[in-house]
Amino acid sequence: MAKVIAVANQKGGVGKTTTSVNLAASLAIAETRVLLIDTDPQANATSGVGIQRGSLRRSLYHVLVLDEAPQNVIQNTEIPFLKILPADKNLIGAEVELVDLEGREYKLEKAIRTFESDYDFIIIDCPPSLGLLTLNALTAANSLLVPIQCEYYALEGVTELFDTLARIRRSLNPSLTIEGLLLTMYDERTNLSAAVAADLRDFYGHQVFEAVIPRNVRLAEAPSYGKPIILYDIKSRGAESYLQLAKEIMAHDKKSVRTGAERAAVGQAGDN
């Protein structure tokens, strides 16, 4: 069964799409089966893995609104173990068209159930707002990964995001957990980045990933070539950071599986 991770933050420009694309690619080169789902009408995650905007006849819009089978929409990428459920500008209309539908917050979860056994990880790139598309992603996800830019206002945004998470748990997805907080756009030359990182680690502790994503020219250039950073420049600091993040997440996954098995063993022992 796939682990479904939503990459979200209500604040824009914090590296959500960069993280979604490069985390998915980094997991895939470890030969785990990965699906990247692009829920943002800007379709930057779609173009970021090499699919040209406007080149596809069907997208996530057709799955959510027109009940198209996801298997008919999912596309291969340049990386053998990575596939994508693409977005396009039609998703702008989905926010309006889904409003009157029954169970509108569960449309993506329903679609994922039809193929989740085909993947080890499903990474969902969310829009920078708390509309129906993001609600669908958070309802479908097992966990939430939060990219946080290393700047002062990011600290306020984290508090708002945790309030949102609490509301989602109460009303839509009680089992949603925090995968981790990811420090992005870290500039080691500035005191501000170090101060924000220290404050977040002091307050949230182990919920902050050890991996830190630096400001990196090669990382910024890669989307213009339609490539994840591991294909554009695997020796760059950006690539190294996302590979480290993928290792942490795979370690989380193994730990959760082991914990579940231990609980089952304890339960069986108690029955004997």
Side-chain angles (χ1 to χ4, degrees), residues 1-9 14-53 55-56 58-64 68-88 91 94 107-109 111-128 133-134 136-138 140-147 179-180 182 184 213 219 222-223 225-232 238-239 242-243 245-246 249-250 253:
M1 202 69 71
K3 182 174 188 178
V4 184
I5 302 174
V7 181
N9 190 326
V14 297
K16 286 189 301 296
T17 298
T18 298
T19 294
S20 298
V21 168
N22 290 299
L23 171 59
S26 297
L27 290 167
I29 65 164
E31 297 189 353
T32 61
R33 302 166 300 166
V34 184
L35 177 68
L36 175 61
I37 300 179
D38 190 351
T39 66
D40 191 337
Q42 295 181 74
N44 289 331
T46 300
S47 62
V49 294
I51 296 177
Q52 188 175 354
R53 287 188 180 90
S55 64
L56 301 175
R58 289 172 291 197
S59 71
L60 181 62
Y61 169 85
H62 297 80
V63 175
L64 297 180
E68 179 75 42
Q71 292 83 349
N72 296 335
V73 183
I74 291 171
Q75 302 291 315
N76 293 323
T77 71
E78 194 174 347
I79 299 173
F81 285 85
L82 175 61
K83 296 187 178 183
I84 183 166
L85 182 48
D88 64 13
L91 276 177
K107 295 287 285 184
L108 183 57
E109 180 190 27
I112 287 175
R113 284 179 184 169
T114 68
F115 57 72
E116 63 179 331
S117 61
D118 296 333
Y119 301 95
D120 299 304
F121 290 95
I122 296 174
I123 308 298
I124 308 175
D125 181 38
C126 299
L133 292 172
T134 300
N136 263 266
L138 295 178
N142 304 124
S143 62
L144 171 63
L145 189 158
V146 187
E179 187 70 29
L182 177 67
T184 63
I213 311 303
L219 196 57
Y225 291 87
K227 292 181 180 294
I229 188 62
I230 58 169
L231 294 183
Y232 183 63
Y242 277 112
L243 288 169
L245 174 64
I249 287 178
M250 287 189 286
D253 197 43

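Just so you know, residue 1 is the first one in the sequence shown, and it goes up from there. Note that this is a predicted model, so its numbers are computed, not measured.
Closest heavy-atom contact between Glu179 and Ser143: OE1-OG, 2.7 Å. Nearest heavy atom pair, residue Pro128 against residue Asp40, reads CD-OD2, 3.8 Å. Here the shortest heavy-atom pairing between Ala8 and Leu144 reads CB-CD1, 3.7 Å. In this structure, Asn142 and Ala2 approach most closely via the heavy-atom pair OD1-O, 3.7 Å. In plain terms, the two heavy atoms of Leu82 and Ala28 that are nearest each other are CB-CB, 3.7 Å. Here the closest heavy-atom approach between residue Leu138 and residue Ala6 is recorded as CD2-CB, 4.0 Å.
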### Task
Could you walk me through whether Val49 and Val21 pass the side-chain contact (heavy atoms from CB on, under 4.5 Å) test, one step at a time?
CA-CA 7 Å; Val49 294; Val21 168; 4.0 Å; yes
### Message
Apply side-chain contact (heavy atoms from CB on, under 4.5 Å) to residues Leu231 and Ile79 and explain how you reach the verdict.
### Response
CA-CA 9 Å; Leu231 294 183; Ile79 299 173; 3.8 Å; yes
### Message
Pair Asn136, Thr39 - check side-chain contact (heavy atoms from CB on, under 4.5 Å), show working.
### Response
CA-CA 9 Å; Asn136 263 266; Thr39 66; over 6 Å; no
#### Entry: Residue pair Gln71, Thr114: steps toward the side-chain contact (heavy atoms from CB on, under 4.5 Å) verdict
CA-CA 9 Å; Gln71 292 83 349; Thr114 68; 3.8 Å; yes
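Using a 4.5 Å heavy-atom threshold, the side chains of Leu60 and Leu108 count as touching. A heavy-atom distance below 4.5 Å is found between the side chains of Leu243 and Ile29. In this structure, Ile112 and Ile37 have side chains that are in contact, with non-hydrogen atoms separated by less than 4.5 Å. Side-chain contact between Leu133 and Leu64 is present, with at least one heavy-atom pair separated by less than 4.5 Å. Thr18 is listed as a side-chain neighbour of Tyr242, based on a closest heavy-atom distance under 4.5 Å. Using a 4.5 Å heavy-atom cutoff, the side chains of Phe115 and Leu35 are in contact. At a threshold of 4.5 Å between non-hydrogen side-chain atoms, the residues Ser26 and Leu245 do not count as touching.
Applying the salt bridge (Lys or Arg N to Asp or Glu O under 4.0 Å) test to Lys16 and every residue at least two apart in sequence or in another chain returns nothing.
The backbone N or O of Ala45 lies less than 3.5 Å from no partner atom in the side chain of Thr17, so there is not a single donor-acceptor pair. At least one donor-acceptor pair closer than 3.5 Å links the side chain of Gln75 to the backbone N or O of Val73.
Distance check: Leu182 CG to Asn9 CG gives 11.0 Å after rounding to the nearest 0.5 Å. Interatomic distance, Lys3 NZ to Met250 CE, rounded to the nearest 0.5 Å: 11.5 Å. The distance from atom CD1 of Ile51 to atom CG of Asn76, rounded to the nearest 0.5 Å, is 8.5 Å. Here CD1 of Ile122 is found 9.5 Å from CG of Leu85. Values are rounded to the nearest 0.5 Å. From Ile5, atom CD1 reaches atom CG of Leu36 across 11.5 Å, with rounding to the nearest 0.5 Å. Interatomic distance, CG of Leu27 versus OH of Tyr119, reported as 14.5 Å (0.5 Å rounding).
Ser20 and Asp125 are linked by a side-chain donor-acceptor pair at a separation below 3.5 angstrom, with hydrogens and angles left out of the test. Side-chain contact, Thr46 with Asp38: a donor N or O sits under 3.5 Å from an acceptor N or O.
Within a 6.0 Å sphere centred on NZ of Lys107, other residues, nucleotides and ligands contribute more than 12 heavy atoms.
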